[in-house]
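Below: the structure, in structure tokens.
The figures here come from the full heavy-atom set of this structure, side chains too, leaving out hydrogens, waters and symmetry mates. Because the structure is a prediction, the values reported are computed rather than measured.
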Amino acid sequence: MKFFMITGKMEKQVTKLKSLYMKEFDLNGSDLPILLALQTCNEGLRQDEFCKMAGSDKAQISRSLSRLMNHGLIEKDNSTLYKSKYTLSSEGKKTAEYLSEQSVHIFDAAHSILDNDQWDGFYSFLESLNVQIEHMINQKESESSKQNVEQ
């Protein structure tokens with residue numbers, strides 16, 4: 001129970017922090033991962049790639065992409081009918097750079113509570129936990145689909 005309470009509280013805090021920084025651009029916190037991902041990928045990314053990277057559903061990513069395009073921060077490559085890539089506009093590059101710098105400051109402030117070895121252990125734990133939770137999800141989905149077939 002404690003695990004769910006702590007992770008739920010952390011998720012709310014991170015969401016609130018992202019929203020506070022994005023508010024000055026009239027954007028949502030959910031738009032931040034897209035801007036930061038595009039900053040590191042000059043050749044652009046497809047919608048399905050954003051979904052995998054951010055762990056968000058297609059509808060959320062679609063809303064964020066539309067909002068970012070409407071604000072002139074990203075551009076869509078329309079050279080292909082399907083699987084179009086999105087890239088940062090010149091204004092998007094400035095905005096992403098600013099937000100990236102802010103992210104570094106936030107990370108550094110949060111990171112100061114542990115030494116590097118402790119952080120390495122923490123990240124290793126999170127990766128292992130993620131794999132285990134994914135395994136439990138797959139197992140539950142498999143059980144659910146078997147029950148549906150039997151009915």
Point to revise | Shortest non-hydrogen separation from Leu99 to Leu36 and the atoms involved | key: C-CD2, 4.3 Å

Check your understanding: Could you state the interatomic distance from CD (Glu91) to NZ (Lys93), rounded to the nearest 0.5 Å?
Key -> 12.0 Å

Point to revise | CA sep, side-chain torsions, deciding dist, call: Ile61, Ile34, side-chain contact (heavy atoms from CB on, under 4.5 Å) | key: CA-CA 8 Å; Ile61 296 296; Ile34 292 175; 4.2 Å; yes

Practice item. Tell me, yes or no, whether the heavy-atom count around Phe107 atom CZ, taken from other residues, nucleotides or ligands under 6.0 Å, exceeds 12. Key: yes

Can you give me every donor-acceptor pair (side chain of residues 122-131, partner residue at least two apart or in another chain, under 3.5 Å) with its distance?
residue: Ser128; atom: OG; partner: Ser124; partner atom: O; Å: 3.1

**Study point:** Residues His111, Trp119; criterion side-chain contact (heavy atoms from CB on, under 4.5 Å); working and verdict
**Key:** CA-CA 8 Å; His111 209 263; Trp119 278 111; 3.1 Å; yes

Revision key, fill the gap. Here the pair of heavy atoms bringing Leu38 nearest to Tyr86 is CD2-O, 3.0 Å

Practice item. Taking Ser56 for its side chain and Cys51 for its backbone only, find out whether a donor-acceptor pair lies under 3.5 Å. Key: no

Review point. Just by distance, do the side chain of Ser100 and the backbone of Ala96 share a donor-acceptor pair under 3.5 Å?
Key: no

**Study point:** Heavy-atom pair with the smallest gap, counting every atom of Gly72 and Ser89
**Key:** O-OG, 2.5 Å

Check your understanding: Does the distance from a Lys or Arg side-chain N to an Asp or Glu carboxylate O, for Glu49 and Lys52, drop under 4.0 Å?
Key -> no

Side chains of residues 11-23: which donor-acceptor pairs under 3.5 Å do they make with residues two or more places apart or in other chains?
residue: Thr15; atom: OG1; partner: Glu11; partner atom: O; Å: 2.8
residue: Ser19; atom: OG; partner: Thr15; partner atom: O; Å: 3.0

Check your understanding: Are Leu35 and Tyr98 linked, directly or through other ILVMFWY residues, by side chains that come within less than 4.5 angstrom of each other?
Key -> yes

Review point. Counting distance only, does the side-chain N/O of Ser84 pair as donor-acceptor with the main-chain N or O of Lys76 below 3.5 Å?
Key: no

Practice item. Could you walk me through whether Leu65 and Gln47 pass side-chain contact (heavy atoms from CB on, under 4.5 Å), step by step? Key: CA-CA 8 Å; Leu65 291 170; Gln47 183 173 354; 4.1 Å; yes

Study note, to complete from the structure: One should read off an interatomic distance between Leu68 CG and Thr95 OG1, to the nearest 0.5 angstrom, of 9.5 Å

Exercise for review: Specify the closest pair of heavy atoms between Phe50 and Ala37, including all atoms of both residues, with the distance to one decimal.
Suggested key: CE2-CB, 4.4 Å

Check your understanding: Hey, does Leu88 have a side-chain heavy atom less than 4.5 Å from the side chain of Leu73?
Key -> no

Practice item. Under the salt bridge (charged side-chain N to carboxylate O under 4.0 Å, His left out) rule, collect the residues that match up with Arg63, sequence neighbours excluded. Key: none

Check your understanding: Considering residues at least two apart in sequence or located in another chain, which fulfil the salt bridge (charged side-chain N to carboxylate O under 4.0 Å, His left out) criterion with Glu97?
Key -> none

Point to revise | Met136, CE: over 12 other non-hydrogen atoms inside 6.0 angstrom | key: yes

Give the table of side-chain donor-acceptor pairs shorter than 3.5 Å for residues 25-33, with sequence neighbours excluded, one pair per line with atom names and distance.
residue: Ser30; atom: OG; partner: Gln60; partner atom: NE2; Å: 2.7
residue: Asp31; atom: OD1; partner: Ser64; partner atom: OG; Å: 2.7
residue: Asp31; atom: OD1; partner: Arg67; partner atom: NE; Å: 3.3
residue: Asp31; atom: OD1; partner: Arg67; partner atom: NH2; Å: 3.0
residue: Asp31; atom: OD2; partner: Asn28; partner atom: N; Å: 2.9
residue: Asp31; atom: OD2; partner: Arg67; partner atom: NE; Å: 2.8

Practice item. Verify, without hydrogens or angle tests, whether Gln118 (side chain) and Asp115 (backbone) share a donor-acceptor contact under 3.5 angstrom. Key: yes

Point to revise | Exam field: side chain Ser62 to backbone Lys58, donor-acceptor pair closer than 3.5 Å | key: no

Exercise for review: Would you sort out whether Met69 and Glu75 count as a side-chain contact (heavy atoms from CB on, under 4.5 Å), showing the intermediate values?
Suggested key: CA-CA 6 Å; Met69 283 180 57; Glu75 299 167 346; over 6 Å; no

Point to revise | Pairing residues for Asp120 by the salt bridge (charged side-chain N to carboxylate O under 4.0 Å, His left out) criterion, not counting sequence neighbours | key: none

